[in-house]
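Reviewing the structure listed below.
One is the number of the first residue; the rest follow in order along the sequence.
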Amino acid sequence: MEQEKAVIIVGAGPSGLAMAGCLSRLAIPYIVLEREDCFASMWKKYSYDRLHLHLQKQFCELPHMPFPPSCPTYVPKNQFIQYLDDYVSRFKISPILYHRNVESANYDEASERWVVKAVTDSNTGGSGEMEEYFGRFLVVATGEATNPYTPEVQGLNTFAGDVLHSTQFKSGKGFRNKNVLVVGSGNSGMEIALDLANHGAKTSIIVRSPVHVLSRGMVYLALVLLKHFSLNMVDSLMVLLSKLVFGDLTKYGIERPTEGPFYMKVKYGKYPAIDVGTFKKIKSSEIQVLPAEISSIRGSDVELKNGKSYQFDAIVFCTGFKRSTNLWLKGDDYLLKDDGLPRQSFPNHWKGKNGLYCVGLSRRGIYGSSEDAQNIANDIKSFL
């Protein structure tokens with residue numbers, strides 16, 4: 001099967017949908033290739049029930065379509081999925097071809113177009129055949145969260161209880177009175193620990209590296225102030241406010257980083273922990289902070305690198321994702337690094353050579369995806 005469109009978009013998450021929406025508005029033909037059986041699969045299939053957008057809704061809109069006024073300020077998962085469904089309908093986003101695993105993408109100098117090879121996944125109802133797609137432009141919209149990553153831990157295969165990645169966790173309901181270890185102190189880890197504690201699990205969380213704890217209100221204030229003041233000034237204010245609101249974190253086993261929260265977000269892509277109730281549970285000892293990573297596991301015994309040992313019934317790894325773009329995108333030494341993130345820094349990160357682009361990889365959330373998509377669509381339009 002061969003298909004030719006002006007633009008090939010790889011990935012049908014919010015970034016891919018934003019890109020397709022912008023192209024639809026400009027009547028530029030495209031095709032979307034998606035490895036799952038639905039769009040926005042991370043939201044529809046691989047996220048926990050209590051998830052809300054961490055930022056206020058005006059920072060999380062896709063291009064050319066605000067949230068309805070009835071949506072709360074912090075949009076819950078089911079309403080965000082409804083918003084994405086409405087977005088696809090409104091901009092008549094089609095075709096999205098599902099069960100397509102992209103194997104390779106090469107730029108053909110002779111015909112001046114991209115050749116994308118994809119296999120229809122036989123495990124999910126496809127035929128297992130190789131298909132070829134041709135396009136003058138290629139947009140990588142596979143997102144920051146591509147393949148769930150669980151670190152290698154000695155003896156993990158001997159663990160007697162349940163082992164989950166955050167993408168498999170739905171709710172703390174089934175963990176009442178169980179000893180559960182959460183590994184990872186990003187926003188998923190913090191919120192999953194809270195959900196477990198709320199459902200009566202005896203919850204511990206490994207907080208290995210220093211972390212900034214901010215409230216939702218602080219983050220909103222920072223995003224407003226960053227339009228008018230320097231990053232350093234805003235960071236200093238955030239650290240001051242965090243100390244006033246949350247006090248000395250070290251007595252609970254949490255260190256504050258020496259670098260500011262938004263500097264770290266820009267430089268390393270490390271988000272501050274946006275507190276939605278976890279810290280209160282840490283203060284009341286309903287959630288125990290363990291300050292060392294796992295050394296080894298034997299049965300239900302988990303030994304940490306500080307020599308202490310604990311017993312757990314379940315472990316939830318909130319250890320993020322790895323990207324696999326480097327495995328299929330061939331001949332690009334300009335746009336993306338081996339880790340699948342842009343080589344160029346914001347705001348010049350989205351445009352490569354020979355009609356290659358990336359959307360949603362600037363580590364600036366949905367807001368960043370929307371900006372990228374609009375920039376890319378306008379750039380493509382200027383060529384056509």
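- Look at Glu36 and Lys45 and you find a salt bridge, because one of the NZ, NE, NH1 or NH2 atoms lies within 4.0 Å of a carboxylate O, short of that distance.
- The aromatic rings of Tyr83 and Phe80 sit parallel to each other, their planes meeting at less than 30°, with 60° as the upper class boundary.
- For the pair Leu336 and Leu361, the minimum side-chain heavy-atom distance is below 4.5 Å.
- Taking the ring-ring contact (aromatic ring centres under 6.0 Å, His included) definition, one finds that Phe59 meets it with nothing, sequence neighbours left out.
- With salt bridges taken as basic N to acidic carboxylate O contacts below 4.0 Å, one links Arg113 and Glu4.
- Residues Trp114 and Phe137 keep their aromatic ring centres 6.0 Å or farther apart.
- Ion pairing of Lys44 with Asp85 is present here, as a side-chain N (NZ or NE/NH1/NH2) and a carboxylate O approach within less than 4.0 Å.
- Annotation: cation-pi geometry not satisfied between Arg343 and Tyr334 (NZ/CZ under 6.0 angstrom from ring centroid, within 45° of ring axis).
- Side-chain contact between Ile380 and Tyr357 is present, with heavy atoms from C-beta onward closer than 4.5 Å.
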Distance-only criterion, 3.5 Å: show the donor-acceptor pairs between side-chain atoms of residues 311-320 and protein atoms not counting sequence neighbours.
residue, atom, partner, partner atom, Å
Gln311, NE2, Asp301, OD1, 2.9
Asp313, OD2, Asn179, N, 2.8
Thr319, OG1, Tyr149, O, 2.6

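- A side-chain donor-acceptor contact under 3.5 Å links Asp195 to the backbone of Gly172.
- Leu84 and Tyr48 end up in the same hydrophobic cluster when Ile, Leu, Val, Met, Phe, Trp and Tyr side chains are linked at under 4.5 Å.
- Side-chain contact between Lys265 and Arg364 is present, with at least one heavy-atom pair separated by less than 4.5 Å.
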Note to self: Could you walk me through whether Arg323 and Glu144 satisfy the salt bridge (charged side-chain N to carboxylate O under 4.0 Å, His left out) test, starting with their C-alpha distance in whole Å, then the side-chain angles of each, then the deciding distance to 0.1 Å, before giving a yes or no?
What the structure shows: CA-CA 7 Å; Arg323 289 155 294 276; Glu144 292 176 31; 5.6 Å; no
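- For Lys381 against Leu26, the heavy-atom pair with the smallest separation is CD-CD2, 3.9 Å.
- For the pair Arg25 and Phe91, the cation-pi criterion (under 6.0 Å, within 45° of the ring axis) is not fulfilled.
- With sequence neighbours excluded, the residues that form a side chain to side chain contact (heavy atoms under 4.5 Å, CB included) with Ser104 are Asn106, Lys117, Lys330.
- Annotation: side chain of Phe169 is in contact with side chain of Leu196 (closest heavy-atom distance under 4.5 Å).
- With rounding to the nearest 0.5 angstrom, the CD atom of Gln374 is 11.5 Å from the CH2 atom of Trp350.
- Ser41 is listed as a side-chain neighbour of Glu34, based on a closest heavy-atom distance under 4.5 Å.
- Annotation: side chain of Leu356 is in contact with side chain of Val140 (closest heavy-atom distance under 4.5 Å).
- A salt bridge does not link Glu303 to Lys308: none of the charged side-chain nitrogens sits closer than 4.0 Å to a carboxylate oxygen.
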